[in-house]
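First listed ligand is number 1; within each ligand, the first listed atom is number 1.
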Amino acid sequence: MPYRLKRSTTLHKVYYDLHIHTALSPCADDDMTPNDIVGMALLNGLDLIAITDHNSMQNAEAVITAARDKNIIVIPGMEISTAEDVHVLCLFCSVEKAEDFEKELKPLRSKVENRKDIFGNQIIYDEKDEVVGEATNLLVAPTKISFDALQRMTAKYGAAFIPAHIDRESFSVLSNLGFLPPDMEINTLEVSKNGAEKGFVVKNADKYTKNQIIHSSDAHRLWEISERINYIMLPEFSIDAAIDFLR
Ligand SMILES: [Zn+2]
Ligand SMILES: [Zn+2]
């Protein structure tokens, strides 16, 4: 069970990194293991992290279990590549919800086999960092689900839908669709660390008045996990409160 504070009316400052890849993502280091990720996040003073591998959540539960009894909350999530190859973070209230979502996503995923020599390993770990399997289909390939259909599917599971690194010139909603669809209600957007440092938010302040902006690391290596810099204010220190704030 996640660590919880007693419900109160005061807001809690919660330091987060909501975009972390494990070794399941072929582009991530093999030592992005459950215990090393939790250890680094704690060392950096984070309260809340999300596991967001490409199109799969198969390592999320192991990270959650590795974080049990530690003062950190782990959100199970995925970074989905839509049919337009836009990256979207989908964050869930529970492992069960994320698993059910992945079952629905499975027939829409690419059937292309992973070429380890080109793309890298896709390792599945248990909570003790033991290798228990590997994903054989190439997880970074775009799925067959469109950006707007993904939002509807995410809503069905009560999850947060967060277009990822919108400032980047590839794999982002702005680069691949050209704009944020005005008819879609999107509460939260992610701007990359690099984009934030280059003043993307300030330069575009008039465009995203209805959205809240978050910054996460998109860590593929342990040392890339965020320091205690970015925070959100939550009424309660729980997964439900975090998802409620983000969706
Ligand atoms: Zn991405
Ligand atoms: Zn990513």
* Asked: Is Lys13 close enough and on-axis enough to Tyr231, meaning under 6.0 Å and within 45°, for cation-pi?
  ->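 Output yes; distance and angle both within limits.
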* Asked: Given OE1 of Glu79 on one side and NE2 of His21 on the other, what angle do they make at the Zn ion (ligand 2), to 10°?
  ->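 Between OE1 of Glu79 and NE2 of His21, the angle at the Zn ion (ligand 2) is about 90°.
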* **Opening angle between NE2 in His19 and OD1 in Asp218, taken at the Zn ion (ligand 2), to 10 degrees** => 80°
* Asked: Distance-only, no hydrogens or angles: does the Glu134 side chain make a donor-acceptor pair with backbone N or O of Leu24 under 3.5 Å?
  -> no
* To do: Looking at His87, pick out the N, O or S atom nearest to the Zn ion (ligand 1) and give its name.
  =>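 Atom name of the closest N, O or S in His87: ND1.
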* Using the benzene-type ring in the case of Trp, are the ring centres of Phe171 and His87 under 6.0 Å apart? ->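 Between His87 and Phe171, which both carry aromatic rings, the centre distance is below 6.0 Å.
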* Please report the C-alpha distance between Glu102 and Arg109 in whole Å, then the side-chain angles of each, then the deciding distance to 0.1 Å, and finally whether the salt bridge (Lys or Arg N to Asp or Glu O under 4.0 Å) criterion is met. => CA-CA 10 Å; Glu102 186 166 349; Arg109 273 196 316 219; 2.8 Å; yes
